[in-house]
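In what follows, a structure is listed as structure tokens, so that the remarks can point back to it.
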Amino acid sequence: MPNIKSAKKRVLITKKKNARNRSDRSRMNNAIKAFNKAIDSANMEEAERLLPLTMSIIDKSVTAGIIHKNAAANKKSAISKRLSDIKSGKVTVTVKKDNKTIATEKALAAKQARESARAEFRAKQLEKEAEKVEKKKKAVKETAEKPKKEKAEKPAKKTTKKAAEKAEAPAEEKTEAPAEEKAE
């Protein structure tokens, strides 16, 4: 750290300018990357829209003194040439996939496969539960119907001869007794 007051001030100013320059350079590089990404993904409309914006950002970097004007001219020439070559058909665009994109697609496919397997498993479980419920309903209906059928058939019980005679005898006596009383 410097000892003189003006040198201390100069260090602080340099830090501020360095941070500003770094952000402006980053903005320029990000604009160029966005333009190149649009071309790599075969999105020509987006690339055409980004071309003037990217050139404008490169020009602002020259005015801020971040890059030399010849370096800016080379960058602008390269991006405009790339777009015109693709438009004219000199160069064909092959969609590039980086490892991160490929890994993301694999993970997404695996996730969808897991979800579909879970959905199938759930559907099978629901079918089994529905079958169990249907079986229980049938069992309840059968048990409810069996006693009704048995009750309808029960009045025709088989009786032994002795039980039948005993049942008939008191009924005859009762019916005969009042008839005798009436006769007297």
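Because the structure is predicted, anything quoted here is derived from the model rather than measured. All residue numbers refer to positions in the sequence shown, counting from 1.
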Which donor-acceptor pairs under 3.5 Å do side chains of residues 25-33 form with protein atoms, sequence neighbours excluded?
from : atom 1 : to  : atom 2 : distance (Å)
R25  : NH2    : I66 : O      : 3.0
N29  : ND2    : R25 : O      : 3.4
N30  : ND2    : S26 : O      : 3.3

Acceptor/donor pairs from residues 3-16 side chains to any protein atom, 3.5 angstrom cut, sequence neighbours excluded:
from : atom 1 : to  : atom 2 : distance (Å)
T14  : OG1    : R10 : O      : 2.7

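Among residue pairs with one or both ends in residues 100-123, those qualifying as salt bridge (Lys or Arg N to Asp or Glu O under 4.0 Å) are K97-E105; sequence neighbours excluded. Each side chain to side chain donor-acceptor pair (under 3.5 Å) pair with one or both residues in residues 55-66, not counting sequence neighbours, appears once here: D59-K76.
Taking N36 as the reference, R82 meet the side chain to side chain donor-acceptor pair (under 3.5 Å) condition, with sequence neighbours excluded. Listed by chain and residue number, nothing satisfies the salt bridge (Lys or Arg N to Asp or Glu O under 4.0 Å) test with K75 (two or more places apart in sequence, or in another chain). Partners of R49 by salt bridge (Lys or Arg N to Asp or Glu O under 4.0 Å), not counting sequence neighbours, listed by chain and number: E46. Taking the salt bridge (Lys or Arg N to Asp or Glu O under 4.0 Å) definition, one finds that K87 meets it with E48, sequence neighbours left out. Applying the side chain to side chain donor-acceptor pair (under 3.5 Å) rule to D85 yields the partners K81; only residues at least two apart in sequence or on another chain are considered. Applying the side chain to side chain contact (heavy atoms under 4.5 Å, CB included) rule to K138 yields no partners; only residues at least two apart in sequence or on another chain are considered. Evaluation of the side chain to side chain contact (heavy atoms under 4.5 Å, CB included) rule for K137 yields V133, E134 as partners, not counting sequence neighbours. Legend: residues meeting salt bridge (Lys or Arg N to Asp or Glu O under 4.0 Å) with K69, ordered by chain and number and at least two apart, are absent.
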